[in-house]
Amino acid sequence: MKQPEVALPAEVANFKKLQAHFRPQVIVLVLLKSSYFLAQIVCFWLFSAMMHQLIVAQQHVVESHFYWFGVSASCWVLLRHTAQNYEISFDFKIKQALETRIHQQLAIQQQALANQYSTFHWQQVFLQHIPAVSAYLSQYLGQKYLSVLIPLFALVVVFSENWLVATMLLVSLPLVPVFMVLVGHRAASIHRKHLVSLERLGGIFIDRLKALSTITTFNQHKEQSQLLHSASKLVNQQTMKVVSVAFLSTTVLDFFATISIALVAVYIGFSLLGELSIGPAMTLQQGLFLLLLAPLLFSELKNLGRLYHQKAEAEAAWESLLPLVKLVKCLPELHKKGEFRGINWLSFKVETPTMSAPMLHLMPGQRVHLQGPSGAGKSSFLHALMGFIESSHCLSGSSVLLGQSPVVLPTSVRDNLSVGHSYKDEEVWSALQKVQLDKVVKAMPLGLDTQLGEHPPLSGGELQRLMLARVLLKPADVILLDEPTAHLPEAQHVELSKLIYELTKGKTVIWASHKALPNAWFDLDWRISDGVIKTYKATIGVKHNA
């Protein structure tokens, strides 16, 4: 059965809403698995009837029994195969939906989102968290329903054959879910601690790899090795606790199931031998059918126990995924599409990090100098204006952000400038000429098609000019500059700043900078201090050096 396309809902505020969204696919999966279970019961009944005819009645097998046995066995195999394929496809579609949403969020929020987490955390997201959530939705949720429906149906069938055997099974069945609940609460806590410990160890290891030259310079190999050893020891302890809980759960569930089935087998055996006369009389067909059917009551519960750790693992993984899949947006009534018509906002707020402004006013074409001490939240404020992080207001119209560090793809110069858009060569060369980079690119072996690779053959200033050319190519009403010259020497800062100023004349610009800029370039000063944004008119002829 072909699995239809699935996608995440617009709002995934919690895990329950995510489960509710995928419930139709889960129901289809439950129906498929229930169908092959029914075919299996029919197959068992026909098999026990044929064995009774051959052994007890010593007669030839009725042809209709043999025919329907073949049909039921074929349906059993076919439905099982269909259900397995549907489950695999469903699992793949869930992973695809989660990955697509995260990629969309990365495309929207860009560095504002990527920089919030370590490299190891992103690895865990795609290699562990997403598979954990998809396995829970595609396997555990359906199994939870099957573990109730199939034992109940099987008990009804057993009651119709022998009420005493059904009573024995009914008494032992509740022991399995009770034990699973007791173990599950402990497993959830252990899984969360394990994920945190594993992420911390990965983060420490990657940080030390990046700082290997510094560690060598200060001869800190021994101290850092001891730190890594302590962190890995903690992770090993957490891992063993997870393995121990999983082993304990499986072992005890198998023990309960084995004891219950053994009691049923002993009763049936002695009854057929005439040693026990308790309960209704029993034939070989009934005894064999009950022996074949009894394990099915526990098989689904055992499968649920085997998958029960997925619930704790998925819940812990979802806590890490929720910030990545939750849509970040401004208030709809305040985020109007179309042309930028200025800002006239009251009570602007950002929740994380905490930031507010009593009033923000900006007319089209005005230029703002955004200042504040390091860590005051200038970058977060610009990200909020772009809609990268949730805030009460964000910019209307088209806007573009030029950050501190050049974001360069290991592809061609052309691809780095177009970034998914299609521009004519004349437009690209015109942008490069404006940023005084055309001669540099023409000197490259393949010009615009030269691959920049992991280590671009350009200086820091040239890379920022390349990013500026990217900004110029994209039509935008508002240009946001997040300290574009922060990592450049003073001479390059002055030169590139003048170039940016000349190329953005007539545009609405909000320019955050630590370094000195002529105040004559700006109409307004916005200053962030202690989470509050205050606005001033620029004083002509004065330079600010925040």
Side-chain angles (χ1 to χ4, degrees), residues 104 107-113 327-350 355-372 377-403 407 417-421 423 427 430-431 434-435 467-484 497 499-513 517 519-528 533-538:
Q104 289 172 346
I108 294 171
Q109 302 181 47
Q110 302 176 21
Q111 284 184 301
L113 178 61
L327 293 175
V328 175
K329 58 185 180 181
C330 303
L331 293 177
E333 66 272 20
L334 298 174
H335 188 193
K336 299 177 180 178
K337 299 294 182 180
E339 184 182 353
F340 176 71
R341 299 183 181 277
I343 290 174
N344 192 18
W345 297 341
L346 296 176
S347 301
F348 171 82
K349 291 182 180 179
V350 179
M355 197 181 307
S356 64
M359 183 180 69
L360 288 177
H361 182 75
L362 179 66
M363 296 295 292
Q366 286 188 316
R367 306 172 68 89
V368 176
H369 191 191
L370 180 62
Q371 301 178 81
K378 296 187 295 296
S379 296
S380 298
F381 174 64
L382 295 178
H383 291 158
L385 294 180
M386 290 287 291
F388 293 168
I389 60 178
E390 197 155 356
S391 60
S392 59
H393 306 67
C394 55
L395 294 172
S396 61
S398 58
S399 54
V400 64
L401 173 66
L402 179 61
V407 181
L417 290 171
S418 58
V419 195
H421 298 278
Y423 299 114
E427 295 175 304
S430 175
K434 289 177 181 177
V435 299
M467 297 303 100
L468 180 58
R470 180 192 291 173
V471 169
L472 296 176
L473 278 169
K474 181 180 178 181
D477 297 325
V478 184
I479 298 176
L480 306 180
L481 303 171
D482 185 10
E483 302 190 48
S497 295
L499 180 62
I500 293 173
Y501 171 70
E502 291 296 331
L503 294 175
T504 57
K505 279 185 176 179
K507 296 280 188 179
T508 305
V509 177
I510 301 177
W511 191 335
S513 177
L517 294 172
N519 206 38
W521 289 0
F522 302 99
D523 304 295
L524 299 168
D525 278 346
W526 290 359
R527 303 180 191 180
I528 304 178
I533 306 164
K534 297 181 179 180
T535 63
Y536 306 90
K537 286 188 176 181

Q: Identify the heavy atoms of Cys394 and Ala384 that sit nearest to each other, and give their distance.
A: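 For Cys394 versus Ala384, the nearest heavy atoms are CB-O, 3.5 Å.
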Q: Quick one: does Leu362's side chain get under 4.5 Å of Thr535's, heavy atoms only?
A: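 Answer no - side chains too far apart.
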Q: What closest approach, in Å, do Met355 and Gly377 show between heavy atoms, and which atom pair accounts for it?
A: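 Nearest pair, atom of Met355 first, then Gly377: CE-O, 3.3 Å.
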Q: Do Trp521 and Val509 have side-chain heavy atoms sitting under 4.5 Å apart?
A: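 No, their side chains stay 4.5 Å or more apart.
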Q: Quick one: list whatever passes side chain to side chain donor-acceptor pair (under 3.5 Å) with Ser380, sequence neighbours left out.
A: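 Per chain and number, Ser380 pairs via side chain to side chain donor-acceptor pair (under 3.5 Å) with no residue.
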Q: Just how far is it from atom NZ of Lys537 to atom CG of Asp523, taken to the nearest 0.5 Å?
A: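 The NZ atom of Lys537 sits 10.0 Å away from the CG atom of Asp523.
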Q: Nearest heavy-atom pair of Gly365 and Thr508: which atoms, and what distance?
A: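 Nearest heavy atoms, Gly365 then Thr508: N-OG1, 2.7 Å.
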Q: Which heavy atom in Leu472 sits nearest to a heavy atom in Lys434, and how many Å separate them?
A: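 It is CD1-CB, 4.2 Å.
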Q: Working to the nearest 0.5 angstrom, can you tell me the gap between Lys534 NZ and Asp525 CG?
A: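 One gets 14.0 Å once the value is rounded to the nearest 0.5 Å.
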Q: Any side-chain heavy atom of Ile528 sitting closer than 4.5 Å to one from Leu370?
A: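 Side-chain contact under 4.5 Å: yes.
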Q: Leu382 and Leu481: which non-hydrogen atoms are nearest, and at how many Å?
A: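 Looks like CD1-O, 3.8 Å.
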Q: With under 30° as parallel and over 60° as perpendicular, where do the rings of Trp526 and Phe381 fit, or are they tilted in between?
A: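 Ring orientation of Trp526 relative to Phe381: perpendicular.
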Q: Looking at every heavy atom in both Ser497 and Trp511, which two are closest together, and how far apart are they?
A: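 Scanning both residues, the minimum pair turns out to be O-CH2, 3.5 Å.
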Q: Run the side chain to side chain contact (heavy atoms under 4.5 Å, CB included) test on Phe522 and Leu517 for me, step by step, so that the C-alpha distance in whole Å, both residues' side-chain angles and the decisive distance to 0.1 Å come before the verdict.
A: CA-CA 9 Å; Phe522 302 99; Leu517 294 172; 3.8 Å; yes
Q: Between Leu385 and Val478, is there a side-chain heavy-atom distance shorter than 4.5 Å?
A: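 Side-chain contact under 4.5 Å: no.
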Q: Taking only residues two or more places apart in sequence, or in another chain, which ones meet Val471 in a side chain to side chain contact (heavy atoms under 4.5 Å, CB included)?
A: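 So Val471 forms a side chain to side chain contact (heavy atoms under 4.5 Å, CB included) with Val400, Leu402, Ile479.
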Q: Any pair with a residue in residues 503-513 that passes salt bridge (charged side-chain N to carboxylate O under 4.0 Å, His left out), sequence neighbours left out, goes on the list, sorted by first then second residue, please.
A: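 Residue pairs passing salt bridge (charged side-chain N to carboxylate O under 4.0 Å, His left out), neighbours aside: Glu502-Lys505.
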Q: Output the distance between atom OG (Ser391) and atom NZ (Lys349), rounded to the nearest 0.5 Å.
A: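 If I round to the nearest 0.5 Å, the distance is 12.5 Å.
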Q: Quick one: NE2 on His369 to CG on Leu524, what's the gap to the nearest 0.5 Å?
A: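 Rounded to the nearest 0.5 Å, the NE2-CG separation comes out at 12.0 Å.
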Q: Quick check for you: to the nearest 0.5 Å, what is the distance between Lys378 atom NZ and Ile533 atom CD1?
A: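 Those atoms lie 11.5 Å apart.
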Q: Between Arg367 (side chain) and Thr504 (backbone), is there a donor-acceptor pair under 3.5 Å?
A: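 Checking the backbone N and O of Thr504 against the side chain of Arg367, a donor-acceptor pair under 3.5 Å is found.
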Q: Mind checking the OG-CZ spacing from Ser399 to Phe340? Nearest 0.5 Å is all I need.
A: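 Those atoms lie 9.5 Å apart.
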Q: Does the Ser398 side chain pair with the main chain of Asp477, one donor and one acceptor, at a distance under 3.5 Å?
A: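 Checked: pair present.
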